[in-house]
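Lettering of chains follows the sequences in order, A, B, ..., and the numbering in each one begins at 1. Keep in mind the model is a prediction, meaning the values are calculated, not measured.
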Amino acid sequence: MSWFKKLVPSTIRTEASNKKVTVPEGLWSKCPNCNAILYNSELEKNYSVCPKCEHHMRISARTRLAMFLDEEGREEIGKNIKPTDPLKFKDSKKYKDRISQAQKQTKEHDALVVMKGQLEGQTIVAAAFDFSFMGGSMGSVVGERFVRGVNKSLELGAPFIVFTASGGARMQESLYSLFQMAKTSAALTKLSERGIPYISFMTDPTMGGVSASLAMLGDINVAEPNALIGFAGPRVIEQTVREKLPEGFQRSEFLREHGAIDMIIDRREMRNKISSILALLMAGFLNKPKATDISQTIDDEYALEAENTAELYPDDGV
Amino acid sequence: MDLKFLDFEQPIAELEAKIEELRNVEFDNDINISDAIKQLEDKSLQLTESIFSNLSDWQISQLSRHPGRPYTLDYVEHIFTDFHQLHGDRAYADDPAIVCGLARLDGQPVMVIGHQKGRDTKEKIYRNFGMPRPEGYRKALRIMKMAERFHLPVICLIDTPGAYPGIGAEERGQSEAIARNLFEMARLKTPIICTIIGEGGSGGALAIGVGDRLIMLEYSTYSVISPEGCASILWKSADKSQLAAEAMGITSDRIRELGLLDEVVREPLGGGHRNFKSITLNLKEALLRHLADLKQLSIDDVLDRRYQRLLSFGAFTEEMTK
C-alpha cells in the first residue's frame, strides 16, 4: 500500500480500493477492420456490419439463420446427427477433446445448422456454417446434415440456400471428410434435375474443400463484401509461386471480376434480394408445363410434380 | 537397372551394390564365384521380403511418390491399345498434368483419364509435377461428357500431390472446376472406374475420382491433405509428417478397413517400379473384372448405386428423439 493511501481514513480507503473501474462485458465490440469501438446493440441492429467501415463481421450459424429467416415456422433439420471419431485421431490433442471443446464454446454439436423456414412467406430450407466450430470444417456431420437439408427441399419443392464459412475439410476425419465433397455435390444434382433453385451465399472465409464442392455449385453464387474465397490458402500460394499476391486477391470483388460469382450482396439486404431472386426462379419452377398440356411423351414424374406443387402453393393456381 | 532406393531400403541397396561388384569381378577376372553371388541374391530377396512385410504408413507414402513408379502413360502403354490422346479444354488451354484419350481395354473401347507426372526435370516442370490447373479438370470433364455421348466407360488413373495452388489457377476458378467435376461425375451416364496408382492428393485427386468403383494399388495413398501439410497445421511442424501419415490412415489397407474402397491391387515385391509388367498386369485384370461387373447392370442401376454409394460416405451417430 502506498504512503498516500495509508493517510486516507479507512472508511474511504476500503471503498476506494474495492471500486475498480469495470465495464460490463459484452457491451462494446471493436471492429477488426477499422478498430472503431462499437456499441453492441447498435451493431446487432446493423446485422453485425460495422457502421463506420461496412466491414461484415463473422457471425454464428444460428445468428445468421435468425437474421435471414422469418420468425415464424422455423424447424431445425438433422439436429440429432452428431460427430464420432472414426479414426481415433490424435495430434497434439485428441479429436474427441477438440469436438467437446468446440461444442462447449459454440453450444452447437457440429459446424452446420440446417432449418426449414420461411423467407418473406416463401417456404425455404436454409443451412449455415459455423466458423467458430473448428473453423467451420466439413466432416461427416456437416455432409449428412447438408444432404438432409437437400432432401427436405426435394420433399417440399422448396428452394435451398447455404451460407458458407469454412476453412475446408476436417483433417481429423481424413478420407471421410474428403468424401463429403462428393456426397454433398451428388445430392445437389437432384435439386438441379428437379429444377429447384439452389443458392450458395459465401461468407468470410470459404476455402478448400467447401469452396471446391457445394459452395461453387449454386444456380446463383453470391458473396458478402470482401469475403476471402478460394481453393488454396493465400499463404500456401505465396510459398508455392514465390511472388507477392495481387491486391484484393481471393476477395469477393476479385471473384466477381473473374466471373466466379454472380453478385455481391450486403448482409443488410440479403433478405430482400434473395427473396426477390427466389420469387423469380420459383415462378419458373411453378409454371413448368403441365402433363396435360403436352403430348404423352412427358413422363409421370412431371404430372406428380405439378400436383405436389399445386398443393404447396394453392394460391398460385398451378 | 537404377532402382533409386529409398532411405529405408538402404540395407537392400548395400547388398545389391556388393552383388554388382562381385559380378564385375567375375566378369573381369574370369573366375567362378556364382555360388557366392547366388547366396547374396537370396539374402537380398529375404531382406526385401522382411522390410516390405512390415512397412510403416510413412514408408508407403514415400513409395507412392517413388520417382521410378509407373505413371498414367506407362499404364496406357502396358494395359491399353489404340490409344489416341485428346487435348485441350476448348476454352483456355491444354493442361499436360492431365492426359485423356480414347483407347481399347482388351478390345473394348474406353476413355482413359489420368494425372501425369514427369520423369526428368524438364518433363516434371512441363507436367507441373502432376498438379492440374482448372483447364486440366475442364478438359477431363469435356472428355467425360464425350464418353457419355458415345457410351464409353471411363477409366480414371489418379496420381497427384493435389490441385495446383497458383495465382492463375485461382483466377480461372480452381474451386469451381473441381466442384463441377464432382457434380457431373455423380450423374455421368456411363460407368466410371477410378484407381489410385500413386498419390491421391485431396480435392485434386477426387476431381477425377468419383465413380462406381474405387481401386487402390497396394503402395498408393489417398488422403484429405498431404502428411506434410497436416503436420504443419496440426503439429505446427513439418517434421511430424510420419505421425500425421499414421494418424490419417492414408494407406490402401487402412482405407479398405474403413470400407471406403472396393479393392486393393497387389504390387510386386519391392513395389510397382521394380516390375512394370507385373503391376500393370494385376491392374488390367482388376479393371476387366470390374468393368464386366458393371456392364451387367442397366445404366439406371449403375447410377442408382453410384448415388447410394456417394450418399453413404460418413461416420456419425444419430439419436432418435422421443
- prompt: Hey, are Glu318(B) and Arg148(A) close enough for a salt bridge, meaning a charged N less than 4.0 Å from a carboxylate O?
  reply: yes

message: Only pairs of heavy atoms separated by less than 4.5 Å count here; which of Leu182(B), Leu234(B), Ile178(B) has the most with chain A?
response: Leu234(B)

message: Quick check on Ala187(A) against chain B: is it the side chain, the backbone, both or neither that has a heavy atom closer than 4.5 Å?
response: both

field: Region of Lys90(A) that comes under 4.5 Å of a non-hydrogen atom in chain B
entry: backbone

message: Quick check on Lys93(A) against chain B: is it the side chain, the backbone, both or neither that has a heavy atom closer than 4.5 Å?
response: neither

query: Which bit of Gln239(A) is near chain B, if near means a heavy-atom gap under 4.5 Å: side chain, backbone, both or neither?
result: neither

- request: Look at Arg145(A) together with Asp110(A) and state whether they make a salt bridge at an N to O cut-off of under 4.0 Å.
  value: no

statement: Highest number of heavy-atom pairs under 4.5 Å with chain A among Ser202(B), Pro165(B), Ala163(B) belongs to Pro165(B)

- prompt: Is chain A contacted by the side chain of Leu261(B), its backbone, both, or neither, given a heavy-atom distance below 4.5 Å?
  reply: neither

Contact winner vs chain A - Arg172(B), Met185(B), Arg180(B), heavy-atom pairs under 4.5 Å: Arg180(B)

statement: Answer key: most heavy-atom pairs under 4.5 Å with chain A among Thr317(B), Leu310(B), Val210(B), Leu206(B) is Thr317(B)

- line: Applying a strict 4.5 Å limit to non-hydrogen atoms, the region of Phe249(A) in contact with chain B is side chain

field: chain B contact via Glu243(A) - side chain, backbone, both or neither, heavy atoms under 4.5 Å
entry: side chain

field: NZ/NE/NH1/NH2 to OD/OE distance under 4.0 Å, Arg138(B) and Glu176(B)
entry: yes

query: Val141(A), Asp85(A), Leu217(A): which one forms the most heavy-atom pairs within less than 4.5 Å of chain B?
result: Leu217(A)

- request: Sort Thr184(A) into side chain, backbone, both or neither according to what part of it lies under 4.5 angstrom from a heavy atom of chain B.
  value: neither

query: Does the side chain of Ser200(A) come within less than 4.5 Å of Met216(A)'s, by heavy atoms?
result: no

Atom group of Pro234(A) that falls short of 4.5 Å from chain B, counting heavy atoms: neither

- request: Would you mind reporting whether Met202(A) and Val210(A) have side-chain heavy atoms less than 4.5 Å apart?
  value: no

- prompt: Within a strict 4.5 Å, meaning less than it, do heavy atoms of the Tyr198(A) and Val162(A) side chains meet?
  reply: yes

message: Please determine whether a side-chain nitrogen of the Lys or Arg among Asp91(A) and Arg98(A) lies less than 4.0 Å from a carboxylate oxygen of the Asp or Glu.
response: yes

query: How about Phe231(A) and Tyr164(B): are their ring centres within less than 6.0 Å of each other?
result: no

- line: chain B shares the most heavy-atom pairs under 4.5 Å, among Gln172(A), Glu193(A), Glu257(A), Glu238(A), with Glu193(A)

No-hydrogen, no-angle side-chain donor-acceptor test under 3.5 Å, Tyr95(A) and Arg170(A): yes

- line: Of Leu188(A), Val147(A), Leu214(A), Ile229(A), the largest count of non-hydrogen pairs under 4.5 angstrom with chain B goes to Leu188(A)

message: Between Glu263(B) and Arg213(B), does any NZ, NE, NH1 or NH2 come within less than 4.0 Å of an OD or OE carboxylate oxygen?
response: no

query: Tyr307(B) versus chain A, heavy atoms under 4.5 Å apart: side chain, backbone, both or neither?
result: side chain

- request: Considering only heavy atoms and a distance below 4.5 Å, find which of Ile255(B), Ile225(B), Leu258(B) pairs most often with chain A.
  value: Leu258(B)

message: Counting heavy-atom pairs closer than 4.5 Å to chain A, which one of Gly162(B), Gly173(B), Ser175(B), Ala231(B) comes out on top?
response: Ser175(B)

query: Okay, side chain of Glu173(A), backbone of Pro86(A): is any donor-acceptor separation there less than 3.5 Å?
result: no

Centroid-centroid under 6.0 Å between Tyr176(A) and Phe316(B) rings: no

